[in-house]
Structures are given as C-alpha cells and as structure tokens.
Amino acid sequence: MGMADWALVFPVIMQGLSLSSLFFVVLLAGAGLYMYFASRTLRMEEDMAVPSAAVAEDAADLPASPVESAKGGHAVRILAVCGNGQGSSMMMKMKIGKFLEQRGVPHVMDSCAVADYKTKLQTTDIIVSSKHLAGEMSPGEGKFVLGVQNMLNPNSFGDELLGIIKNNFAN
C-alpha cells in the first residue's frame, strides 16, 4: 500500500513528461490551484468554527485577566511539544494561542521538541502534544499532558483543554 503512489501516479507523470515538457508546467499549475483552494477551505472552516455553548460557558467561568488568573496568580502556561520542536509545535503554539485569545483565557505559550520538554517543566502547567508523544512524557504532579489527534486544529480538542484549565487552574 505504501508504494501505491509510485505505482499509480509516478508512471503517469513520467509518461506526461516524456510527451511534452509543458506537462510539467500543467502539473505545477494543478498543484498550485489545489493548494490555493484547499487552504481557502481550511481557513474558512477555521473561521466558521463557532464555540459551542459548553465552550462559551467554560470560558465565562475563567478569570478575566492574566494578573488574577490561575494558581499562584499567573496565566495558565501551555507548552506545545512535537518531535523536533520547529514545525508542528510552532504552528500549534500559534493556533492554541489564537483559540484561547478568542475565548478570553489568559495564557502564556511556548513550544519545544519532545527531547527538551523536561527543561521547561518548571514554567509549564499544561503540555499539548500528539497522542503518540503524550505517552512518552511524565510532567510531574500538578501538571497535565493533553494528547491530541489533530495538533493543528484547536477546535478539535478545545473543549478538553478548556476543561483542564477550568477544573485545575481557574480561581
């Protein structure tokens, strides 16, 4: 199964390239069009995602400002973790930050690689990572690890994240 793209798609591409060098331009234009419309659809889906009533209630129960927030008087500190700490965790950090800002949740975001998460535990309340990496982490007492299926869509795990914040870090 893993070789299906090479067995089915690559021969067609090679045949097209052997017939005309213009085929390469057509192939690139098709890929560009696909990416343009796919990204527009993704952005539209993200913008159209309206928080459910439960999410709105959870956000309403949270403190209004970072100063009067979570345990010890600080905003909830969230660490986004991925395999290398450069791509997915940076995107996840931005997406979760935007998600929490829209709901008025005071927070501080950071990101790193799974190999470096222990160095940031002292300044972290919640770790968010993919499900397969979440099992490799042990944050210690009073800290939480949230393993998610789709790291780049906080709407898919936002209820669970807000629940952890409300139950453990809200006044």
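Quick note: numbers below take in every heavy atom, side chains included, and nothing from hydrogens, waters or symmetry partners. Just so you know, these numbers come straight off a predicted model, no measurement behind them.
With hydrogens and angles disregarded, a donor-acceptor distance shorter than 3.5 Å links the side chain of D125 to the backbone of R77. The main-chain N or O of S138 is found under 3.5 Å from a side-chain atom of Y117 such that the two form a donor-acceptor pair. Listed for the K143 side chain is no donor-acceptor partner under 3.5 Å among the backbone atoms of I127.
Closest approach of A134 to G147, counting heavy atoms only: CB-CA, 3.7 Å. P106 and G104 make their closest contact through CD-O, 3.4 Å (heavy atoms, listed as atom of the first residue, atom of the second, distance). Here the closest heavy-atom approach between residue V128 and residue M92 is recorded as O-CE, 3.4 Å. Closest heavy-atom contact between G83 and A113: O-CB, 3.7 Å. In terms of heavy atoms, S111 sits closest to K93 at OG-CD, 3.8 Å.
Linking ILVMFWY residues whenever their side-chain heavy atoms come closer than 4.5 Å, directly or via other members, places I13 and F24 in the same cluster. Residue V108 is not grouped with residue L121 when hydrophobic side chains (ILVMFWY) are merged at heavy-atom distances under 4.5 angstrom, including chains of intermediate members. I164 is connected to V105 through a chain of hydrophobic side-chain contacts under 4.5 Å among Ile, Leu, Val, Met, Phe, Trp and Tyr, so both are in one cluster. Residues M109 and F144 are members of one and the same hydrophobic cluster, defined by side-chain heavy-atom contacts under 4.5 angstrom among Ile, Leu, Val, Met, Phe, Trp and Tyr. In terms of hydrophobic clustering, with Ile, Leu, Val, Met, Phe, Trp and Tyr side chains grouped at heavy-atom distances under 4.5 Å, L28 and L17 are assigned to a common cluster.
One distance of note links CD1 of I126 with CD1 of I165; it measures 4.5 Å at 0.5 Å rounding. In this structure, NE2 in H132 is found 10.5 Å from CD in Q149, a value given to the nearest 0.5 Å. How far OG of S130 is from CG of N150: 11.0 Å, rounded to the nearest 0.5 Å. The line from CD1 of I78 to OG1 of T124 is 10.0 Å long, rounded to the nearest 0.5 Å.
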**OP:** Could you go through the side-chain contact (heavy atoms from CB on, under 4.5 Å) check for L100 and I96 one step at a time?
**Re:** CA-CA 6 Å; L100 293 175; I96 293 172; 3.9 Å; yes
**OP:** Just do the side-chain contact (heavy atoms from CB on, under 4.5 Å) check on V148 and L161 with the steps written out, would you?
**Re:** CA-CA 10 Å; V148 299; L161 178 61; over 6 Å; no
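For E136, the side chain to side chain contact (heavy atoms under 4.5 Å, CB included) criterion is met by V114, L133, not counting sequence neighbours.
Put simply, the side chain of N168 does not reach to within 4.5 Å of the side chain of V76, judged on heavy atoms.
The other members of the hydrophobic cluster of M35, by chain and number, are Y34 (side-chain heavy atoms under 4.5 Å, ILVMFWY only).
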